[in-house]
Amino acid sequence: MPKVAVIMGSKSDLEVCIPAIRILKKFGVEVTVRVISAHRTPDEAQCFSKNAISNGYEVIISAAGKAAHLAGILAAYTTLPVIGLPVKSSTMDGLDSLLSVVQMPSGVPVATVAINGGENAGILALQMLSLKYPDIMLKLSDHKKAMAAAVSEDDKNLQKEFSL
Ligand code: RP5
């Protein structure tokens, strides 16, 4: 069973992580959820990342806000793909978090999704896993079809509503 870690810098980031956790579980992925802070528990961040591969993780999702260094720290100690999820947790609308996550130096990438983009973090992790797990690739294809069907339904309904 594929295994993904969802790590947040503070328990206050949990709400933004829920859509990621939910979609990963829906696709049958084993999810480990942790609170590890780049600033408050830096030794644990280092330890988790250094041992992530031997502990069976295939992708890490890292959510953090403000001076959001967690994803970068995790990416520094592993060759696993790290998906950064910037959290809007301050007065700066999350732009501070976004830039802290995305502006990594050459050689240490963090695949960054939108501010509060929990579901996309989960889907991106699934897309990475799908290269190895064909059943996930199939489910992703079904998911895309379901999304398209929902948009077509909205389109049809709005056309009907406003053509009167
Ligand atoms: C970051 O600071 C966390 O990721 C969180 O988004 C933000 C605020 O943390 P708390 O002060 O709510 O614990 O480290």
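Just follow the structure's listing: the first ligand is 1, and inside any ligand the first atom is 1.
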**Student:** Can you list every pair that meets side chain to side chain donor-acceptor pair (under 3.5 Å) and has a residue in residues 99-114, with sequence neighbours left out?
**Tutor:** none

**Student:** According to ring-ring contact (aromatic ring centres under 6.0 Å, His included), who are the partners of Tyr77, at least two apart in sequence or on a separate chain?
**Tutor:** none

**Student:** For the atom pair CZ (Phe48) and CD1 (Ile73), what is the distance rounded to the nearest 0.5 Å?
**Tutor:** 14.5 Å

**Student:** Determine which pairs satisfy salt bridge (Lys or Arg N to Asp or Glu O under 4.0 Å) with at least one residue from residues 35-47, sequence neighbours left out, and list them in order.
**Tutor:** Arg34-Glu44

**Student:** When you look for protein heavy atoms under 4.0 Å from ligand 1, which residues do they belong to?
**Tutor:** Gly9, Ser10, Ser12, Asp13, Arg40, Ala64, Gly65, Ser89

**Student:** Indicate yes or no: does Lys3 engage Glu58 in a salt bridge with an N to O separation below 4.0 Å.
**Tutor:** no

**Student:** So, for Ile83 and Ala125, which heavy atoms are closest and what is the spacing to 0.1 Å?
**Tutor:** CD1-N, 3.4 Å

